[in-house]
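Input: a single structure, listed below in structure tokens.
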Amino acid sequence: VAVVLACPQVRAQEEPAEELEPCEIGVSEIVVTASLTEKKQFEEARCIEVIPAKKLEEKAPKSTPDALDEAVGVHVQKTNAGAGAPFIRGLVGPENLILIDGVRYNNSTFRTGPNQYLGLIDPWSIRRLEVLHGPGSVLYGSDAMGGVINILTLNPLVMSDRAWSLSGRLMGASAVAGGGGTLQGDYERGDYAGYLGISHNAFSEVRAAGGEVQPLSDFTRSSLRMKDRYLLSDDLVLTGALFSTMVRDAGRVDAINRGKGRFYDNDDLMTYVRIERRPSESWLRVARLTVSLHYMREMDRAFRCRVGSDGTVLDRQACLQEQDDTIMRRTDSEDSVLTPGFTASAEGKFWDDRLNVVLGAEGYFDFVSSSAMEAKAGTAEWKNKARGNFSDGSTYRSVGTFLRGELDALRVADSVLSVSGGGRMTTFNASAPDVPGMGDVLYSHAGFVGSAGMQFRKGELLNLYADYSQGFRAPNLQETTVMGNTGTFFEIPNGDLDPVKSNTFEVGYKLNTGFVHVY
């Protein structure tokens, strides 16, 4: 159980409002991660950090984790240069949920603890970042424990004086003697708008203060992005998007003094099609249906060097260079996850817009392939291992429904007193064949989480709120079926793990004056 007081975000002056992008209607500052309802950030009864396009442009982050390293209440941990994992309210890894345009990015093989997956998302593709602090499981399901990061991607340009546009940007960093750039072409004609963009980054080894080089910190990242929007009618929009990234040679040497090193190669592809309707005069404000496909492949090249009786590597430099006379074992593993999914939601307003109701359903289905091979010291012969990191053919299914309502119980002039509540029911099913020491593993869970809150808002001046939210996380395949050395610990499969649930009470305030803005 966690109790949180206030929301620690202070701004000395009002930030200029972002320009509205195509198909985004309403207020100039929109937050969707907390309630799936378009609201100003100030009006939300939760602690939310928004990193707008202007900040991203000024910061020019070389990776998506870097875009969060100055966010209030977020700590970014980097085990290696190509990685980056955010801590939100003390939780990390699969305990935080990542979304891309509202589509679930987490899958059932996400490693417990810090990992590199956020670093697979191309920073050049981001329009805005929204970070919900605290549980969001009622609306977003499993893993939304510490917080929810919604990555909103670029929209096609709206151009009134021309049909197409070509733009590009370059960046460089002296500490890594490298950089990269992006090139994007936008096209608009009639009811259609779209873009195609590419980006590439190549970084050399990091030079720390004093000129010391951090070994194996060089890597490359290449990305492709596409988005198309069709205005089917005045209130109906069809959107299709694709985002793909390849990361190569991301070295990890945090355990090199114990004779352990590794490289990660990752391929990531996220694509979705969304149809959205916004009737002009109806109780139904917006209805969305999204069908998505996410493919993630991870290739792990690990090596183990000779160590002394005290467990310390005998020749650190030779180990870093992977010289044959110091290598004891090499292991190559490859894991891939294919995740088709869907999300459907609808928002309605009733009783002179006093009552707002959001309901929806979602389902995600993981299909896992895994293999590994090994070569021992003194031989160049590679042999297939009986099992990869996961059991080949493992599956994981998550299906859930949710409902949330918010009622303005009292309205007097510009003052509003509102109450809210919601709930979600989710079921999980997993299967993994031939788990070492356990045989076939089959398990399923069902979980209910709820939320409730109260809010008093005085115009644009003051927002006082109290919120109770539950977080929920079902055990994934990494925790239930993996056996092996993960660095500090040796993991043993356990198919009897139960879901984790948290209860968070949050009391906070937001204040807007002419000089100080406390969100």
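Excluded from the calculations below are hydrogen atoms, water molecules and symmetry mates; all remaining heavy atoms, backbone and side chain alike, are included.
- Side chain to side chain, E406 and N356 fail the donor-acceptor criterion of an N or O pair below 3.5 Å.
- A salt bridge is defined here as a Lys NZ or Arg NE, NH1 or NH2 lying under 4.0 Å from an Asp or Glu carboxylate O, and R278 with E38 meets this definition.
- Looking only at atom types and distance, the side chain of D254 has no donor-acceptor partner in the side chain of T79 under 3.5 Å away.
- Side-chain contact of Y105 with D268: a donor-acceptor pair under 3.5 Å is present, judged by distance alone.
- Taking CG of D122 as the start and OG1 of T182 as the end, the distance is 6.5 Å to the nearest 0.5 Å.
- Side-chain contact of N429 with Y396: a donor-acceptor pair under 3.5 Å is absent, judged by distance alone.
- Side-chain atoms of R111 and Y117 form a donor-acceptor pair, as typed in the model, at a separation below 3.5 Å.
- Judged by distance alone, the side chains of S431 and T395 do bring a donor and an acceptor atom under 3.5 Å apart.
- H294 is not listed as a side-chain neighbour of F243, based on a closest heavy-atom distance of 4.5 Å or more.
- Using a 4.0 Å cut-off between charged side-chain N and carboxylate O, D267 and R248 make a salt bridge.
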- Message: With side chain to side chain donor-acceptor pair (under 3.5 Å) as the criterion, how do Q455 and N463 come out once you've worked through the C-alpha distance, each side chain's angles and the decisive distance to 0.1 Å?
- Response: CA-CA 7 Å; Q455 178 187 37; N463 181 352; 3.0 Å; yes
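- With 3.5 Å as the limit, one finds a donor-acceptor pair spanning the side chains of R225 and Q184.
- A side-chain donor from one of N266 and Q116 sits under 3.5 Å from a side-chain acceptor of the other.
- Between the side chains of Y465 and E506, at least one donor N or O sits under 3.5 Å from an acceptor N or O.
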- Message: Walk me through whether K78 and D69 qualify under salt bridge (charged side-chain N to carboxylate O under 4.0 Å, His left out).
- Response: CA-CA 11 Å; K78 286 190 172 185; D69 62 7; over 6 Å; no
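- With no hydrogens or angles considered, no side-chain donor-acceptor pair links Y295 and T339 at under 3.5 Å.
- R424 places a side-chain N or O within donor-acceptor distance of the main-chain N or O of S137, the cut-off being under 3.5 Å.
- Between atom OG of residue S199 and atom CG of residue L183 there is a gap of 10.0 Å, rounded to the nearest 0.5 Å.
- We find that R46 and D467 are joined by a salt bridge, their nearest charged nitrogen and carboxylate oxygen being less than 4.0 Å apart.
- No salt bridge links D66 with K59; every basic N to acidic carboxylate O contact stays at or beyond 4.0 Å.
- If you take CG on N107 and OG on S336, they are separated by 10.5 Å, rounding to the nearest 0.5 Å.
- Listed by first and then second residue, the salt bridge (charged side-chain N to carboxylate O under 4.0 Å, His left out) pairs that reach into residues 333-347 are R297-E334, sequence neighbours excluded.
- Atom CD of E57 is surrounded by 12 or fewer heavy atoms from other residues, nucleotides or ligands within 6.0 Å.
- Side-chain N/O atoms of D392 and S370 include no donor and acceptor closer than 3.5 Å.
- When side chains are defined from C-beta on, L120 counts as touching V247, because their heavy atoms get closer than 4.5 Å.
- N106 has its side chain within reach of L97: a pair of non-hydrogen atoms, C-beta onward, lies under 4.5 Å apart.
- Using modelled atom types, one finds a donor on one side chain and an acceptor on the other under 3.5 Å when comparing N155 with K227.
- Between S333 and R262 there is no side-chain heavy-atom pair separated by less than 4.5 Å.
- Proximity of a side-chain donor or acceptor of K510 to a complementary backbone N or O of E44 within less than 3.5 Å is detected.
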